[in-house]
Amino acid sequence: MALGNHSTVIELFLLGLPVDHHIQVLLFVLFLAIYLFALSGNLLMILVIRANSHLHAPMYFFLCHLSFLDLCCSSVTVPKMLENILSEKKTISVEDCLTQGFFVFDSGGTELCLLAVMAYDCYAAICYPLLYGQMMSNELCVGLVWGSWGLAFLDGFINTLLAWNLDFCETQVISNFICEIPSLFPLSCSNSSNNFEVFLFSVLLHAFGTFLLVFSYACIISTILSISSTLGRSKAFSTCSSHLTAVTLFYGSGLLRCLMPTSGSPWELVFSMQYCVITPLVNPLVYSLKNKELKAALKNMLQKSLQHLR
C-alpha cells in the first residue's frame, strides 16, 4: 500500500510515562541526565579504544561496536521520550513511528547478535588461549560484526516494510514511550497475522544466537571450574564477567519484551526502559570498572586531557 493510504489516521498517541504533571519536569531532568551520561560514556569508550593501539584486540573491537550500538539505541528513543514528557500532545506520525520501530529493531537485533559473538570471543580466549589468535583472526572479527549488522538490518527492513501496509482506522494509543514493531499489530484494523508470523520468525532467528551464547558459557564455566588454582579461576572469570553482566541486562529485557504479547502491561514499559535507556548507560560503567586495561587507558586519557587544560 502506498504511503498516503495509511487510512485516515496519520498520528498515533504515545502515552509514555503516565505521571502527574507536577513531576514531569523532574522526570525530564532525570532522563536527560541519563541520556547525556550514556552518550558521553559510550563516546568515551569508542575514543579510548580507537586511540590506544594496545586495545586493538578482538574483544575491544567488539566493545567499540557495542558502544556505538548503545549510542544509536538511546538516540533513537530517548529524545522523543523527552519531548513527550513535557508535551501536552503526545503524538507521533505513523511514518515516524515506523521509522523509529525500524531503528529500534535494527540496533536491538544487531546488539543481540554482537553479544553472542562476544561470548564466542570469551570462549576462545579462555578455552583455547594458545589458539586464540588463529580462532579470532581480523577477517573473522570483521565478518562477524558485519554479519550481525546485515542480519538485523534485513530483518528490520522486512518487518517494517510489511508493517507499512497496516491500516489504522481510528485514534490509537501505544502504552509505551517508544514505537516497537509488535506494538502496532493489535492497533491495526487490517489483518496483521502475516506481520506477526514474520516478526516471530525474525525473533527466533536472532534467538539462535543464544544457542551460541549458551554453548560458549557452558564451555567457559566448565573450563574455569577445571582450573586448580583459585587465582587462575578468579582471573578467568574476570575475563568474561563484564560481558556476562551485559548479556544478562540486555538479553533478559530485550528478548522478554519481544516475546511478551502487547497488552498495555506495565512490564512492557519496564523492559523497554531497561534495554533502551538503562543498558546504554550501564554498559560503559560495567566494562570500564571491571577491565584493568580499559581502566588504565581511561585514566591515562583523562590525565593527558587535564595536562593540556593546564
Side-chain angles (χ1 to χ4, degrees), residues 26-52 54-79 81-82 104 107-108 110-119 121-122 125 145 148 177-178 213 217 220 234-257 269-306:
L26 182 63
L27 277 180
F28 177 86
V29 173
L30 173 64
F31 285 111
L32 177 61
I34 290 174
Y35 178 56
L36 292 177
F37 277 120
L39 282 183
S40 57
N42 284 290
L43 278 172
L44 187 59
M45 291 283 282
I46 294 171
L47 289 173
V48 168
I49 291 170
R50 294 184 67 88
N52 289 269
H54 66 281
L55 295 181
H56 292 175
M59 179 177 71
Y60 300 108
F61 174 71
F62 297 137
L63 183 55
C64 190
H65 280 269
L66 182 66
S67 294
F68 180 71
L69 280 168
D70 284 336
L71 275 175
C72 293
C73 189
S74 58
S75 296
V76 164
T77 56
V78 179
M81 179 181 70
L82 292 174
V104 169
S107 59
T110 305
E111 189 154 341
L112 285 173
C113 294
L114 189 61
L115 288 171
V117 168
M118 293 174 74
D121 177 64
C122 289
V145 166
S148 300
F177 65 95
I178 59 171
L213 190 145
Y217 272 103
I220 288 169
S234 177
K235 286 184 177 179
F237 180 73
S238 66
T239 302
C240 61
S241 59
S242 301
H243 180 255
L244 187 57
T245 304
V247 166
T248 303
L249 287 172
F250 189 83
Y251 261 82
S253 57
L255 280 180
L256 283 173
R257 177 64 193 97
L269 189 64
V270 171
F271 291 140
S272 297
M273 185 75 67
Q274 171 65 53
Y275 79 85
C276 286
V277 180
I278 305 302
T279 298
L281 171 70
V282 173
N283 276 348
L285 295 174
V286 168
Y287 279 100
S288 61
L289 291 176
K290 286 180 172 286
N291 188 292
K292 291 182 179 179
E293 289 184 334
L294 196 53
K295 197 157 41 172
L298 278 167
K299 185 178 179 181
N300 186 45
M301 176 175 277
L302 290 174
Q303 286 176 344
K304 287 182 178 179
S305 299
L306 288 173

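Note that these values count all heavy atoms, side chains included, but never hydrogens, waters or copies made by symmetry. For this chain, numbers begin at 1 and follow the sequence in order.
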Practice problem: Drop me the distance from Leu115's CG to Thr110's OG1, to the nearest 0.5 angstrom. | Solution: 11.0 Å

Exercise. For residues Ser148 and Val117, determine if any side-chain heavy atom of one lies less than 4.5 Å from a side-chain heavy atom of the other.
Key: yes

Quiz item: Donor-acceptor pair, Ser40 side chain versus Phe37 backbone, under 3.5 Å?
Solution: yes

Quiz prompt | Test item: Asp70 side-chain N/O and Ala38 main-chain N/O as donor-acceptor pair under 3.5 Å | solution = no

Quiz item: Does any non-hydrogen side-chain atom of Val78 lie less than 4.5 Å from one of Ile34?
Solution: no

Quiz prompt | Main-chain N/O of Gln274 paired to Thr279 side chain as donor or acceptor, under 3.5 Å | solution = yes

Practice problem: Apply the test side chain to side chain contact (heavy atoms under 4.5 Å, CB included) to residues Val104 and Tyr275: give CA-CA distance (whole Å), side-chain angles for both, the deciding distance (0.1 Å), then the verdict. | Solution: CA-CA 10 Å; Val104 169; Tyr275 79 85; 3.7 Å; yes

Quiz item: Between atom OG of Ser272 and atom CD1 of Ile178, what is the distance when rounded to the nearest 0.5 Å?
Solution: 4.5 Å

Quiz item: Got Leu63 and Asn283 here, is their nearest side-chain heavy-atom distance under 4.5 Å?
Solution: no

Quiz item: Could you walk me through whether Val76 and Ser107 pass the side chain to side chain contact (heavy atoms under 4.5 Å, CB included) check?
Solution: CA-CA 9 Å; Val76 164; Ser107 59; 5.6 Å; no

Self-check item: Non-hydrogen atoms of Leu114 and Phe62 that approach each other most closely
Solution: CD2-O, 3.7 Å

Exercise. Give the intermediate values and the outcome of side chain to side chain contact (heavy atoms under 4.5 Å, CB included) for residues Leu71 and Ile46.
Key: CA-CA 10 Å; Leu71 275 175; Ile46 294 171; 3.8 Å; yes

Self-check item: Heavy-atom closest contact (Pro280 atom, Asn42 atom, distance)
Solution: O-ND2, 2.9 Å

Quiz item: Can you tell me how far CG of Leu39 sits from CG of Leu44, rounded to the nearest 0.5 angstrom?
Solution: 12.5 Å

Quiz item: In Å, rounded to the nearest 0.5 Å, how long is the span from SG of Cys64 to CG of Leu69?
Solution: 10.5 Å

Self-check item: Aromatic contact, His56 with Tyr60 (centres under 6.0 Å)
Solution: no

Exercise. May I have the step-by-step check of side chain to side chain contact (heavy atoms under 4.5 Å, CB included) for Phe31 and Met273, ending in yes or no?
Key: CA-CA 11 Å; Phe31 285 111; Met273 185 75 67; 3.5 Å; yes

